Every structure is written in structure tokens, then in C-alpha cells.
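Just so we're clear, the structure is a prediction, and the values are computed from it rather than from any experiment. Order of the sequence lines fixes the chain letters, A, B, ..., with proteins taken first and strands second; residue numbering starts at 1 for each chain.
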Number of protein chains: 2
Amino acid sequence: MGRWEPDAVGRLRAAAVDLYVEKGFDQATVTDIAERAGVTPRTFFRYFADKREVLFSGSVDLQKAVVTALEEAPETATPYEAVWAALEAASTMIGQNHDWSRMRNEIIMANAELQERELIKLAALAAAMAEGLRVRGVKEPDASLTAEVGIAVFRVAFGRWVAGPANRKLTRTMRQCFDRARALI
Amino acid sequence: MGRWEPDAVGRLRAAAVDLYVEKGFDQATVTDIAERAGVTPRTFFRYFADKREVLFSGSVDLQKAVVTALEEAPETATPYEAVWAALEAASTMIGQNHDWSRMRNEIIMANAELQERELIKLAALAAAMAEGLRVRGVKEPDASLTAEVGIAVFRVAFGRWVAGPANRKLTRTMRQCFDRARALI
DNA sequence: TACAGTCATGTCAGCAAGTGACATCAGCAC
DNA sequence: GTGCTGATGTCACTTGCTGACATGACTGTA
């Protein structure tokens with residue numbers, strides 16, 4: 001046993017999410033969160049760059065999965081097909097937990113600052129995908145265009161999935177949007 | 001003559017942009033800006049919701065132009081073609097002033113918070129475009145997909161144009177990316 | 001001419017986010 | 001036991017942003 005209760009990060013994360021749901025993101029102060037986690041506000045900012053970041057710790061793994069999928073996609077795949085591999089990998093990760101996704105999404109949609117953070121994470125994902133495509137030999141502007149379109153598809157598909165019934169598969173919705181985009185463009 | 005110098009908003013905007021360039025967005029405090037504009041910090045927040053918003057006052061007009069273009073696009077146009085009309089209108093507005101766009105873009109790219117704001121404005125633009133398409137009778141998810149892809153094209157094209165030489169036409173770059181997306185997807 | 005109302009701005013007090021510098025002290029290595 | 005390390009606490013501070021109220025030039029009207 002350490003000097004303090006272990007897993008301060010875990011307690012902070014849990015406390016934050018609880019409070020964001022209970023009182024709303026704006027009303028939940030860092031002091032509240034820290035207090036509930038049995039810790040000082042200063043400690044909160046040691047683990048999370050800011051109040052929003054609590055909800056985005058998963059984005060690192062997501063980005064890794066996406067990049068890996070791009071690397072492992074068959075050499076013969078077109079850029080858009082390679083992007084599909086990335087979207088599929090992302091869907092598999094996120095699609096596991098419809099409940100969590102829905103709750104998290106509700107918190108985010110209720111607050112503009114959180115939407116901003118969500119968007120910049122997706123922009124970073126797009127940038128990573130574009131880089132992954134460039135590694136595959138795709139030139140600009142093709143790499144960026146394909147990656148950005150991929151993220152566009154992701155956004156729409158995720159939005160539909162998260163608003164729909166829990167038993168629907170994200171991968172399925174993603175594929176439908178992916179194909180539909182192809183038909184529309 | 002009023003009790004104070006006229007056009008406080010204009011002075012605030014100018015002072016803010018100047019200082020963002022001179023010292024960087026983070027280092028420029030609202031107190032600085034207000035002081036240079038000969039006004040109280042409180043007044044700054046009467047005109048701008050926050051420190052970032054100064055750089056985004058044009059987005060209202062942009063959105064109007066886009067929506068109008070969608071309304072006026074020929075009935076026979078496919079969704080993607082209607083989106084082109086919107087992108088063209090946006091390009092015509094923004095493409096006028098390469099210097100201003102480049103400076104503004106440099107300020108924004110140097111700061112994550114500003115990029116977040118830029119992204120949410122673009123997301124709002126996408127939402128407005130999707131709504132415009134729905135008005136045209138396009139169903140979901142087609143409306144959202146087409147609109148989001150349109151914004152993806154816009155992002156890439158704008159990025160290329162703003163980084164390129166001043167005499168290049170935004171509309172041209174936009175069209176190239178628009179067509180290239182069609183080829184890639 | 002006086003009077004009332006309005007509008008842009010000032011004044012002031014205050015909260016919450018976020019940061020830097022330094023203190024503390026359990027546990028571990030040696 | 002000595003000394004180091006790492007996680008947390010403590011404190012003081014800056015900055016963004018807000019609410020409530022004050023001020024006084026301008027405008028319209030009787």
C-alpha cells in the first residue's frame with residue numbers, strides 16, 4: 001500500500017464522467033471532481049491536460065489501430081479500400097460498447113467545447129490516415145482527400161449508429177455509409 | 001460624435017489580429033487587446049463571445065452564401081453537384097483575399113484552440129449544407145454524407161490554396177479537389 | 001426647455017481553469 | 001540507515017469570462 005489510495009487516475013476519470021452526467025460538463029468543476037476522487041485539483045491537471053481531455057483518453061489507441069490497419073492493408077488495395085480497412089478497425093474498437101459510446105456522445109453533444117475537442121481528435125485521425133496513405137505511396141492531394149473523406153464517412157456512420165438500437169453493428173453501418181458515399185460522389 | 005470613439009468593434013478586431021500576429025495568440029491577453037483598442041476588457045466580451053471568436057466573424061456570411069447557393073442550384077443537379085455550387089460560392093467569397101486568408105490561417109495553425117474553433121465552424125457549415133440538401137429532397141444518410149464529403153474537399157482544397165502562390169484561384173483548386181475526390185472514391 | 005428613456009461603455013467583484021515552484025513522505029535500492 | 005524517486009499536496013498566481021450595477025451622451029417628445 002502506497003501513501004495514498006491507488007489508481008488516482010481511475011478514480012478521477014470515473015468521478016469526472018459521473019459528474020459530467022449528473023450536473024453537466026460546465027457545472028462540474030475540477031474542484032468537484034477532485035474532491036469526489038479524494039484528491040487535489042492540482043492532481044487532476046497532472047493526469048489530464050484539461051477538463052475535456054478526460055473523455056478522450058481512448059483516442060491514442062484508436063489512432064494506433066487505424067494506422068496499423070493501413071499498414072497491413074494489401075498492397076493492391078486502392079486508397080479508398082485501404083481507408084476501409086482503417087474504418088473497419090476503428091469500428092471494431094469502438095463498436096464493442098454501445099452503452100458507453102452513447103453516454104459519452106450525449107455528454108459531448110451537450111457541450112460545444114467538447115465537440116470542438118472531438119473534432120480536433122478526428123482531424124488528427126484524418127492526418128494520421130493521410131500519412132499512412134502517403135507511406136503506402138499515395139501522393140497528395142489524393143492521400144489527404146481520401147483520408148478526409150474517410151473521416152467524413154466515419155462521422156456520419158458513428159452518428160447514426162450511436163443514435164440507433166444497441167444491437168446494431170457499427171461495422172455494418174460504417175460499411176453502408178462507405179458504399180453509399182461511393183455511390184453519391 | 002458619441003461619448004466615445006466610434007467603431008469599438010472594429011478597433012478591437014484590428015487590435016486583436018495585430019497582437020495575435022505580434023505576440024502569438026496565447027501571449028496576447030484580452031487586457032492587451034482592450035488597451036490597444038482604447039476600451040475596457042469587459043467591452044471586448046460584449047462583442048466577442050471569447051478570445052477566439054474575433055477570427056471567425058466571417059463564418060456567418062460564409063454559411064449564408066453556401067445555403068443560398070444550395071437553394072439556387074438547378075433542381076436537376078445531383079446532391080454532389082449541388083454541393084459543388086455551394087463550394088464554388090464559398091470559394092468566391094474566401095478566394096478574394098489570399099493575403100488575409102494566409103495570415104489568418106497562420107495564426108490559426110499555430111494554436112490548437114483556434115483549430116478547434118475552426119473545425120466546429122466547418123462542422124456547422126457541413127450541418128447547414130446537409131440541411132440545405134434535405135430541403136432539396138435528399139434523404140439521410142445521403143444528405144449528411146454528401147455534405148461532409150463536401151467539407152472534406154473544402155478543407156483539403158483550402159489548405160493547398162492558402163499554402164500556394166497568391167495568384168492561384170481558389171475556385172480552381174477547389175474544382176480540382178472536387179473532381180479528384182470523385183475519381184478516388 | 002426639460003424630462004425620460006436607451007444604448008454603449010465603464011466599474012467592480014468574483015469564479016473557475018490552468019500553471020509553476022516547492023514541500024512532503026512512503027517505498028525502494030544499495 | 002542513507003539517499004533517491006515518484007506521486008501527491010500546498011500555495012500563490014495569471015487569465016478568461018460573467019453578473020450586477022453605474023454613468024452620461026444622445027434622442028425623442030411634450
Nearest whole Å is fine: how far is [N] [atom2] from [X] [atom1]?
X: A:Lys51; N: C:dG18; atom1: NZ; atom2: C1'; answer: 12 Å
X: B:Glu35; N: C:dG10; atom1: CD; atom2: C1'; answer: 15 Å
X: B:Phe45; N: D:dT15; atom1: CZ; atom2: P; answer: 12 Å
X: B:Asp26; N: D:dT14; atom1: CG; atom2: P; answer: 17 Å
X: A:Phe48; N: C:dA16; atom1: CZ; atom2: P; answer: 21 Å
X: B:Asp50; N: C:dA16; atom1: CG; atom2: P; answer: 19 Å
X: A:Phe44; N: D:dG9; atom1: CZ; atom2: P; answer: 14 Å
X: A:Glu5; N: C:dA26; atom1: CD; atom2: P; answer: 15 Å

D:dG9, OP1 or OP2 - any side-chain N/O from A:Thr43 closer than 4.0 Å?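 So the side-chain polar atoms of A:Thr43 do come within 4.0 Å of the phosphate oxygens OP1 or OP2 of D:dG9, strictly under.
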Is B:Val66 close to B:Met93 at the side-chain level, that is, under 4.5 Å between some pair of heavy atoms?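 A side-chain contact under 4.5 Å is absent here.
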Would you say the base of D:dG9 and the side-chain of A:Arg46 have a donor-acceptor pair closer than 3.5 Å?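 By the distance-only test, yes, there is a pair.
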Spell out yes or no: do the side chain of A:Arg42 and the base of C:dG20 have one donor N/O and one acceptor N/O closer than 3.5 Å?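 Between C:dG20 and A:Arg42, which were checked side chain against base, a qualifying N/O pair under 3.5 Å is present.
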What nucleic acid atoms does A:Thr29 come within less than 4.0 Å of, heavy atoms only: base, sugar-phosphate, or nothing?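 A:Thr29: backbone/sugar contact only, no base atoms under 4.0 Å.
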On a heavy-atom basis, which atom in A:Ala82 and which in A:Leu133 lie closest, and how many Å separate them?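 A:Ala82 and A:Leu133 have their closest heavy atoms at CB-CD2, 4.1 Å.
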Taking all non-hydrogen atoms of both residues into account, name the closest pair between A:Gln27 and A:Asp32 and its distance.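 Here A:Gln27 and A:Asp32 meet closest at O-OD2, 3.7 Å.
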Pairing residues for B:Asn105 by the side chain to side chain donor-acceptor pair (under 3.5 Å) criterion, not counting sequence neighbours: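 Per chain and number, B:Asn105 pairs via side chain to side chain donor-acceptor pair (under 3.5 Å) with no residue.
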